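The structure appears right after this line, and notes come after that.
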Amino acid sequence: MCGIVGYIGHRDAYPIIIKGLRRLEYRGYDSAGIALYDGEDINLSKTKGKVEDLKKKADKSISTSGALGMGHTRWATHGVPNDVNSHPHYSNSGNLVIIHNGIIENYESIKKELIKRGYTFQSDTDTEVLVNLIEEVKKQEDVKLGKAVQIALNEVVGAYAIAVFDKQKPDEIVVAKLGSPLAIGIGENEYFIASDASPFIEYTNNAVYLEDEEMAIVRLGKEIKLRKIKDDAIAYPNILELKMNIEQIEKGGYDHFMLKEIYEQPRAILDTYRGRLRADQGIIKMAGIDEHLEKFMNANRIIIVACGTSWHAGLVAEYIFEDLARVPVEVEYASEFRYRNPVITNKDVLIAISQSGETADTLAAIKLAKEKGAFVFGVCNVVGSSIARETDAGAYTHAGPEIGVASTKAFTTQITVLTLIALKLAKEKGEFSESKFHEFLTELETIPAKVEKALESNPLVEIISDVYKDATNCLYLGRGYNFPVALEGALKLKEISYIHAEGYPAAEMKHGPIALIDDQMPVFVIATKKGHYEKVVSNIQEIKSRKGKIIAIVTEGDEQVTELADHVIEVPETLESLSPLLTTIPLQLLSYHIAVMRGCNVDQPRNLAKSVTVE
Ligand code: F6R
């Protein structure tokens, strides 16, 4: 969590950093700060609140000139969100400035030691401790900044992406990474530093992503020098050419990123299977699977690890893999898996799903599975992310940047990738006849158009949202493939509108949640034609006889549920296993509209961050 941006070059750093921080606000937005070197001194401004608040404050209170600077948008870990705890932090001499994304776990013992040596601290943060440790090392060892950073980092335990500069040597920024992402954009006699490439994409397409335990000295007029933090070994920068463009990271006429991203799903799903699915030739080509097919074919089981919405995509995949490819699957919360001493063997395949590719718990689960000999496959959206690099092989979801904190297009593209894998395995294992395989491939090709159709429900969903916007509790029910969609619908609503919502398998309702149902309780039921339709109809009867309000997601042309429900939203018909790609759409729109109507900050809901790099 937290976003960091730095600039050194020939342009005005201030607008670059402010714009970059706005783009990184998805990573944390409880406070923000900026430090600029104006040729003589450092001008620093920090505030509780958003980047917009920072800009207002900085415009009034500091000189914003200078071609060297850095900024930070925070998601608090150590110390409440307030002006003082915001980054950047100075060292005691006032010479060094730091920004940090991550956690220094042993900061208290280091702080005690520094206090004994006369250091004082303004904030409650672990980061202020780190910058003073660097200063102390620099003084004691009489070394340059880069060396001091390296020695200090060898004393700390934790995770970090940091950038530090020294006003006495304003031609360089020192950066280092362990556990949190850090990209360096390389321009013409200028460098950009950021948590991801979005802050610098309009200036350069060339970037280096630091690996864990690497540091770099970014010096004007010189090539980037990379070192291993532990043993000082030289590392060689792998300069990537980025494919992202500026339009992809802007709102493009929509009021919110979330709405834009919901509407991008037809394109995102198409991009995700484009080049992989060839229905006319009856093949699925995925390099990450083709090269490791034996691992999948010989696997005793597939373990899926993920968090949040990605975990819900994993649950959908469990149904798909078991149903189509007949492979046993277990789906685990990464945070539980990593700490419960799981039995893992070299006959297991672990699939890690993550939009950001940076989720700390998922990353730790991958490391554990690798240690135990499992083959680890990643399904990530962010190219070059930590999880993408840590896994043995993988397949990207080509959703494009997802900026809204609530995940939407990542979910449907994750399901798309996992469906492709399951179909491929089903074919290879002989579970599918040619004609069944062909039927699936051709149906998958119709999904973008059907998602487009499902999006046409938007005006109706808006009307329904208005009816239920003041609810305090909601239930979401689904069966089979659509049980995870119920969970996802509930998560979307609670995280952006702050309404309490629970997702349940529809039949499980009688084992407890039915007690909650009265005439105040909206119940969203996924009741598509294929997949236990009659059973769901019975569940709807049970809700109706207790006066619950029923909002049903049904297949086009449905009559039976339409008779019973208070509202119905139609989605096109498809194969049962592909139905989550459609049924999830109205639920995303519903949570969006309810949140907007309640005046909530849709793209940056309270207490959340897009990328959870702390456990
Ligand atoms: C919910 C949401 C989160 C993420 C979770 C995992 O809308 O966005 O629940 O799904 O934090 O993040 P990734 O997929 O980046 O590992």
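Predicted model only: the values in this text are computed from it and were never measured. We count ligands from 1, going down the list as the structure has it; atoms in each ligand are counted the same way.
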Could you tell me whether Gln355 and ligand 1 have an N or O pair separated by under 3.5 Å?
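Among all N and O atoms of Gln355, at least one is under 3.5 Å from an N or O of ligand 1.
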Using distance alone, determine whether Leu491 and ligand 1 share an N or O pair under 3.5 Å.
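No, no N or O pair falls under 3.5 Å.
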I need the nearest protein heavy-atom contact for [atom]: residue, atom name and distance, please.
{"atom": "atom 15 (O) of ligand 1", "result": "Ser356 OG, 2.6 Å"}
{"atom": "atom 4 (C) of ligand 1", "result": "Thr309 N, 4.0 Å"}
{"atom": "atom 7 (O) of ligand 1", "result": "Glu495 OE2, 2.5 Å"}
{"atom": "atom 11 (O) of ligand 1", "result": "Val612 CG2, 4.0 Å"}
{"atom": "atom 8 (O) of ligand 1", "result": "Val405 O, 3.2 Å"}
{"atom": "atom 5 (C) of ligand 1", "result": "Cys307 O, 3.6 Å"}
{"atom": "atom 16 (O) of ligand 1", "result": "Thr359 OG1, 2.4 Å"}

Could you tell me which atoms of ligand 1, counted from 1 in the order shown, lie closer than 4.0 angstrom to a heavy atom of [X]?
{"X": "Lys492", "answer": "1 (C), 7 (O)"}
{"X": "Ser354", "answer": "13 (P), 14 (O), 15 (O), 16 (O)"}
{"X": "Ala406", "answer": "7 (O)"}
{"X": "Ser310", "answer": "10 (O), 13 (P), 14 (O)"}

May I ask you to decide whether Lys367 forms a salt bridge with Glu371, counting only side-chain N to carboxylate O separations under 4.0 Å?
no
Salt bridge check, Asp290 against Lys424: does any charged N sit closer than 4.0 Å to a carboxylate O?
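Here Lys424 pairs with Asp290 in a salt bridge, since their nearest N and O are under 4.0 Å apart.
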Applying side-chain contact (heavy atoms from CB on, under 4.5 Å) to Val523 and Met509, what does each step give before you reach the verdict?
CA-CA 11 Å; Val523 187; Met509 182 184 63; 5.5 Å; no
Just to check, does Glu358 reach to within less than 4.0 Å of ligand 1 when the distance is taken from its heavy atoms?
no
Between ligand 1 and Asn381, can you find any atom pair, the residue atom being a heavy atom, that is separated by under 4.0 Å?
no
Within a radius of less than 6.0 Å around [atom1] of [X], do more than 12 heavy atoms belonging to other residues, nucleotides or ligands occur?
{"X": "Lys370", "atom1": "NZ", "value": "yes"}
{"X": "Lys285", "atom1": "NZ", "value": "no"}
{"X": "Glu202", "atom1": "CD", "value": "yes"}

Step by step, would you call Val451 with Thr412 a side-chain contact (heavy atoms from CB on, under 4.5 Å)?
CA-CA 10 Å; Val451 172; Thr412 44; over 6 Å; no
Centroid-centroid under 6.0 Å between Phe296 and Phe377 rings:
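Yes; Phe377 has its ring centre under 6.0 Å from that of Phe296.
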Using 30° and 60° as the class limits, which term best fits the ring planes of Phe524 and Tyr468: parallel, tilted or perpendicular?
perpendicular
Any donor-acceptor N/O pair, Asn482 side chain to Ile526 backbone, under 3.5 Å
no
Please walk me through it: do Glu264 and Lys260 pass salt bridge (Lys or Arg N to Asp or Glu O under 4.0 Å)?
CA-CA 6 Å; Glu264 278 174 351; Lys260 173 181 175 238; 3.2 Å; yes
Kindly identify the option in Gly308, Ala360, Cys380 whose heavy atom sits closest to atom 9 (O) of ligand 1.
Gly308
At under 4.0 Å between heavy atoms, which part of Thr362 makes contact with ligand 1: side chain, backbone, both or neither?
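Contact part for Thr362 vs ligand 1: neither.
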